[in-house]
Amino acid sequence: MRPNRTSLMAFAALGLACLALGACREEEQDRILRFKPGVYLGAPQDPVPADKKQALVDRAKTQQF
């Protein structure tokens, strides 16, 4: 029994879809694809501890502009 042309096309489309979905690298999934100028769209950052924040303020005061 020979498969008909429609069955072969459906099988080929299913194979291509599986290949396309399986080919995505994990590190590229969930990445930002649309950027907005001046807006940070990444994951939220952890807050800076008070002692480190004060150290940064003190360091900035010593820098000359």
Side-chain angles (χ1 to χ4, degrees):
M1 186 169 141
R2 273 180 58 183
N4 59 14
R5 186 177 184 148
T6 306
S7 297
L8 288 175
M9 293 295 285
F11 183 73
L14 180 64
L16 284 174
C18 289
L19 181 65
L21 292 174
C24 296
R25 290 185 290 186
E26 189 170 336
E27 65 267 9
E28 291 193 10
Q29 294 180 5
D30 298 327
R31 67 185 175 118
I32 300 169
L33 298 176
R34 296 183 185 189
F35 297 95
K36 296 180 184 175
V39 178
Y40 179 71
L41 299 174
Q45 297 177 345
D46 295 331
V48 178
D51 58 337
K52 287 190 178 185
K53 187 183 274 188
Q54 187 59 46
L56 289 170
V57 169
D58 294 340
R59 181 177 169 196
K61 287 179 184 177
T62 64
Q63 295 178 352
Q64 295 181 2
F65 295 98

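These numbers come from a predicted model, not from an experiment.
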Across all chains, not counting sequence neighbours, the side chain to side chain donor-acceptor pair (under 3.5 Å) partners of Asp51 are none
Asn4 meets the side chain to side chain donor-acceptor pair (under 3.5 Å) criterion, sequence neighbours left out, with Ser7
By side-chain contact (heavy atoms from CB on, under 4.5 Å), Leu16 pairs with (sequence neighbours left out) none
